[in-house]
Amino acid sequence: MKKYDHKAIERKWQKYWKTSKIYTTPDKAPGPASAPPSLKATDGHSKATAGKKENFYLLVEFPYPSGNLHAGHWYAFAVPDILARALRMQGKNVMYPIGFDAFGLPAENAAIKNKLNPRTWTEGNIAYMKKQIASMGTSFDWSREVITCNPDYYKWTQWLFLQLFKKGLAYQKETAVNWCPKDKTVLANEQVTDGKCERCDSEVVQKKMLQWNIKITDYADRLIDDLSGLDWPEQIKESQRNWIGRSNGAEISFPIEFENKNAPQPNFLLLHGYKGSPTGAFFSWLKRELESKGYAVQAPELPNTSEPKEYEQVKYVFDHCHIDENTVIIGHSLGAVVAMKLLQKINRPVGGLVLVAPAIDSAFANAEPRTYWKDFSWDIKYDKLKTLAGLRLVLSDAAEKGKRGAYIAHLADILDAQIAEGKANEEHFLGAQEPLVLAQLMPRITVFTTRPDTLFGATYVVLAPEHPWVKRALAHQRLLRNEKEIGRYIALTEKKSDMDRQTNKEKTGVRLEGVDAINPATRERIPVYIADYVLGHYGTGAIMAVPAHDERDFEFASRYGLPIREVISAQINADRLQVPIQTLSAQTRNNADKNGGELPYMGEGLMIDSGRFSGLTSQKGREAITEELGVKKTTYKLRDWIVSRQRYWGVPIPIIHCGKCGSQPVGDVDLPVELPEVKDYLPEGSGKSPLAKAKKWVAAKCPKCAGEAERETDTLDTFVDSSWYFLRYTDPNNKKEFASKEKQANWMPVNLYSGGAEHTTMHLLYSRFWHKALFDLGLVGESEPYKRRMNRSLILGPDGQKMSKSRGNVIDPDLVVERLGADTVRMYLAFIGPYNEVSSYPWNPDGVVGIRRFLERVWRMGQSTVDSPQLTVNANIEPVLHRTVKKIGEDIALLKFNTAISSLMILLNAIEKEGAIGQEQFGVFLKLLSPFAPHITEELWHEAGNKSSIHLEKWPVFDPALLRDENVTIAIQINGRTRGEVQVPTDSDKKTVEDAALAAVGSRVEGKKILRTIYVPSRLVNFVLEGE
RNA sequence: GCCGAGAUGGUGGAAUGGUAUACACGCAACACUUAAGAUGUUGUGAGCUUCAUGCUCUUGUGGGUUCGAGUCCCACUCUCGGCACCA
């Protein structure tokens, strides 16, 4: 008998599959769309057309070319391959593509270390890994291979980035990055360990640098809301929701008063807009209001208001108005542009810049052309304005949101300004009175809270130490009495990394002496603190502290002896805003905690909320106070996606910076912007990427004015590369588009996307966002890329620990394949546990051998079957064979490969017991096994005399009539406990079965009354007896 | 702390509310063998006993619903994963 020589067999068929190209997937495959009805994969979203096979897009996350394939890769690629093969046999046109996520830091590190070109390193790794992947016997369609570091791929990454840029979804912003002062380089988070640089071990500091951001936050709501329509595990949806972290609440403004009455007061300069005047709109009213509060106000009439010219208007104000460091310039509509130009011209710090409904960009959509367009220069030096204006505020009318909302939000962003949105009395703030404007001009601190109903219990206000308001207040001398102490505290927190701020949980803070806030509900003066338990980047960077209803505030209040006040729910419900407040001392509160949270009864007519910190849960209270004293607001934990990297090995950001025209996109014809050659890959000392060293490459012509300009030297985050690679698979060689609409339509959305749980909140969220942005641009056909997603489990070392070189528990799949064969490894991994649940499985070397034993037995059976061609069908095997066909079909559709394999084992056990199997039946067995063990089945299939590949065969169909045995075993229960069993013919009626059962357990029932008999056909009979 | 998932033999795991522990690993005995390995056969949840076609217990713990619960409900314990001063 021939030996099962896995090496020869696997080599032979892998070569055959490659040369015969049987896995090259056509976009449309001829043939009737036929699939067994049991397959869940056909979930109604049919991509089939008449006379064509139905397309099925099976996607696995493409690997990073690290240079070596590990057990996890096998689990990621070889097990879904079972599904790909089974679906193909079941009549689907399955695309199972692969590629490489080839940009990234490891290549650059290797290049620096070994003085190699990162491309050389990467390409070498890819070549090696392709061989390894081929050794798995996977049915990948290599003709669709995508490699992200190739210019014909990243040309489209750049092009897509520019589409987002042109839509205002990509912008530059000062952002803190990890900076190593010794290496003079920006570090990725994974290059920082315990706050130190992984290379030189020096202390990492936070440094602000201009970074490219993508406005994923604009899509926060849709990214949450669209989850509900997806066939994804609830777990994944939930983590995305948590990550985005939407919370609904309100912004409430607390007016502030300074103790120092000689403190410098602001004065106001009002600049009206196109066809406006100092008496038009709300201007005269606002002037009166401000003057009545004792402020100086100037409101010049700008020249030539119907045909305004920038130079003329700016010069007029410059010549006729007094402007000092306390002046707050307020510009309405086009006046906002005049305000900004004016500030650019005076080039001295001023008190503030307030833009009311600004309409200031030539690219501004939906406005009819106006004469002033050509008379104004629309180039504004936002960075300069940021340094000149202390207060920067943009006011937006909610009614105009559709037209201008996105633009205004964008403007606020690049100005790093506060944005206040509310309802104007008349659209575009044209009302005779606009209280929103006035309110925003008064000194105040705005806080965000999800519990506006507890406003009555707010006994102090806390700002994040980095809150811009604090810096502004410190800029004026003698405004705050303890400037030094405040400065020290701010310096201290700035030094703390995020890590420290999180780990050191003891709450500290400093009171701002000399200023008080007014609680708008109680009209009471309350102190203002800075404390690092308040985060600068969340909400408004300021909170109202309600120690009675918030544990953190309680902790802080207890430490600093601040009053703690309970808000009583029953009263709020009964008579909103007229709420009696109960003042509790910290001492009382502590005693209450010791009493298991019960608060003492405080007095006549008051109900005390008894839950510890639970406060009231009155939705009514929240709404009432929000309406009366605040503005509804939704905040998100999600922050914008920083996509620029100061690295060489990535996609160059296709932007040219021009001194005159600003940041300009590279024209389509000049794409791709190819990576320049550089001498070495170490970052440039100024913190720029190594690309900055390619001086010739950096110099470029401005695409707009053709003047001297410079290229952006940062490269894109690799998550951008992987945000659209699955679209390229549908049309990998397209030179004109990233993927044609027609080709996309063949395959998108992805039917099943399998990948690692670690990508749940990164890649998976980014690519969903990217797809939605492309959808809005009309570049893709649907708003969600992946119909179904599943996360894969982890393969651990034999010791149950994560595989790692230091633990010495790494299983090298190449070695196991060498010894036992790819079929064995594939099947072992499929058998280890259910694929559709996230868990972690230790690699059991004995278990692998067990699978090998199974394949040896298959081999032996194959040899003996070939030797006895006279037997075609063994009737005794038929029922179990057909049951197995049914079961495996169902299990594969559910991704339960482990139980599918188990039923193959049961089948083999039955065959061996029987002694022999018929030729035809063996063919069926091989087909069932072929997705799991493609090589051995192909070999045996050909040995049996077949000429074409088993993988092109049709999936076996079971005969329902053959599923039933002649007899069934019925369990006999007495009072629900199993007491015996009895064999009856399958079609016996109830009476027959009950009689047979009664006879079998007669002695137990004797003399007792049977109260009830429960009969479950072909399962059991249960006698319910009296008195047992 | 918050969110999510889970807990079944020595191990990985299997079970539409219907005979819990399929299948595999491991282990034991036997066969083959000089021996080991490989292979095959048989056995293998725990305990009790009169050693059987016997009894009792058993799916993290405690309750409940049901003729019947690993499965449904309530409470708790523990494990793993993610987030974490997010107001």
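Just so it is clear: chains get the letters A, B, ... in the order the sequence lines come, proteins before strands, and each one is counted from 1. In this text the structure is predicted, and so the values were computed from the model without any measurement.
Remark: B/C2 base-pairs with B/G82. Criterion, Watson-Crick or G-U wobble with two distances under 3.5 Å. Figure legend. B/G9 is base-paired to no nucleotide; pairs are counted as Watson-Crick or G-U wobble with both atom distances under 3.5 Å. The base-pairing partner of B/C76, taking Watson-Crick or G-U wobble contacts with both distances under 3.5 Å, is B/G60. Pair check for B/U44 finds B/G26; Watson-Crick or G-U wobble, both atom distances under 3.5 Å. As the counterpart of B/A69, no nucleotide is assigned, since no Watson-Crick or G-U wobble pattern has both distances under 3.5 Å. Across all strands shown, B/U21 has no partner, as no Watson-Crick or G-U wobble contact with both distances under 3.5 Å is found. Look at B/A31: its Watson-Crick or wobble partner, with both distances under 3.5 angstrom, is B/U39.
The P atoms of B/G17 and B/G70 are separated by 13 Å, rounded to the nearest whole Å. For the C1' atoms, the distance linking B/A22 with B/U59 amounts to 15 Å, nearest Å. A gap of 14 Å separates the P atoms of B/U53 and B/U44, to the nearest Å. For B/G13 and B/U50, the P atoms lie 40 Å apart once the distance is rounded to whole Å. Taking the C1' atoms as reference points, B/G43 lies 16 Å from B/C25, given to the whole Å. The P atoms of B/A46 and B/G81 are separated by 31 Å, rounded to the nearest whole Å. As rounded to the nearest Å, B/G26 and B/G9 have C1' atoms that lie 12 Å from one another. Comparing the same atom, P, in B/U71 and in B/A15 gives a spacing of 15 Å after rounding to whole Å.
Atoms CD1 and CG, on A/Ile445 and A/Leu463 in that order, are 4.5 Å from each other to the nearest 0.5 Å. Atom CH2 in A/Trp843 sits 14.0 Å away from atom CG in A/Asp799 (nearest 0.5 Å).
Side-chain nitrogen and oxygen atoms of A/Tyr533 include none within less than 4.0 Å of the OP1 or OP2 phosphate oxygen of B/A87. Put simply, A/Asn909 has no side-chain N or O that comes within less than 4.0 Å of OP1 or OP2 on B/C23. Side-chain nitrogen and oxygen atoms of A/Arg1019 include at least one within less than 4.0 Å of the OP1 or OP2 phosphate oxygen of B/U19. Here A/Thr978 reaches the OP1 or OP2 of B/A20: one of its side-chain N or O atoms lies under 4.0 Å away. In this structure, A/Lys896 reaches the B/A15 phosphate: one of its side-chain N or O atoms is under 4.0 Å from OP1 or OP2. In terms of phosphate contacts, A/Arg1012 brings a side-chain nitrogen or oxygen within less than 4.0 Å of OP1 or OP2 of B/C67. Here A/Ser247 reaches the OP1 or OP2 of B/A87: one of its side-chain N or O atoms lies under 4.0 Å away.
A/Arg852 has a carboxylate O that lies under 4.0 Å from a charged side-chain N of A/Glu856, or vice versa, which qualifies the two as a salt bridge. Ionic pairing of A/Arg241 and A/Glu234 is present here: one or more N-O contacts between side-chain nitrogen and carboxylate oxygen are shorter than 4.0 angstrom. Salt bridge status for A/Glu61 with A/Arg789: present, with a side-chain N to carboxylate O gap under 4.0 Å.
Among the heavy atoms of the strands lying under 4.0 Å from A/Ile906 are primed sugar atoms or P, OP1, OP2 only; no base atom is included. In this structure, A/Ile1014 reaches the bases: a heavy-atom distance under 4.0 Å links it to at least one base atom across the strands shown. Counting non-hydrogen atoms under 4.0 angstrom, A/Arg246 reaches nothing in the nucleic acid. Counting any heavy atom pair closer than 4.0 Å across all strands shown, A/Lys887 reaches no nucleic acid atom. In this structure, A/Glu238 reaches the sugar-phosphate backbone alone: every heavy-atom distance under 4.0 Å involves primed, P, OP1 or OP2 atoms, never a base. In this structure, A/Tyr841 reaches the sugar-phosphate backbone alone: every heavy-atom distance under 4.0 Å involves primed, P, OP1 or OP2 atoms, never a base. Among the heavy atoms of the strands, none lies under 4.0 Å from A/Ser239. Among the atoms of the strands shown, only primed sugar atoms or phosphate atoms (P, OP1, OP2) are found under 4.0 Å from some heavy atom of A/Arg853. The residue A/Gly850 sits close only to the backbone: its heavy atoms come under 4.0 Å of sugar-phosphate atoms, none of a base. Using a 4.0 Å heavy-atom cutoff across all strands shown, A/Ser839 reaches sugar-phosphate atoms only and no base atom. Across all strands, A/Val1016 comes closer than 4.0 Å to base atoms (heavy-atom distances). Note on A/Asn1022: a base of the nucleic acid sits closer than 4.0 angstrom, heavy atoms only. Among the heavy atoms of the strands, none lies under 4.0 Å from A/Asp553.
Rounded to an integer number of Å, the gap from CG of A/Leu1020 to P of B/A69 is 12 Å.
Judged by the 6.0 Å and 45° rule, A/Arg768 forms a cation-pi pair with A/Trp232.
Of the two residues contacting RNA chain B, namely A/Ser903 and A/Lys637, the nearest-nucleotide position lying further toward the 5' end is that of A/Ser903. Of the two residues near RNA chain B, A/Val1024 and A/Tyr636, the one whose nearest nucleotide lies more 5' is A/Val1024.
Among B/A87, B/C85, B/C23, the nucleotide with an atom closest to any side-chain atom of A/Ser902 is B/C23. With distances taken from any side-chain atom of A/Asn242 to the nucleotides B/U19, B/C3, B/C23, the minimum falls on B/C3. In this structure, of B/U19, B/A87, B/G12, it is B/A87 that holds the atom nearest to the side chain of A/Ile543. Closest to the side chain of A/Gln235, out of B/A5, B/A20, B/U39, is B/A5. Distances from the side chain of A/Leu535 to the nucleotides B/A15, B/A87, B/G12 place B/A87 closest. For A/Pro834, the side-chain atoms get nearest to B/G13 when compared with the rest of B/G40, B/A87, B/G13. Nearest nucleotide to the side chain of A/Thr449, out of B/U19, B/G13, B/A87: B/A87. Of the candidate nucleotides B/U19, B/A87, B/A15, B/U19 has the atom lying nearest to any side-chain atom of A/Gln973.
Within the 4.5 Å cutoff, the side chain of A/Leu929 has heavy atoms near those of the A/Met827 side chain.
Taking the six-membered ring for Trp and the full ring otherwise, A/Tyr460 and A/Phe556 have centroids separated by under 6.0 Å.
Under the 3.5 Å distance criterion, the side-chain polar atoms of A/Asp640 are matched with a main-chain donor or acceptor of A/Thr217.
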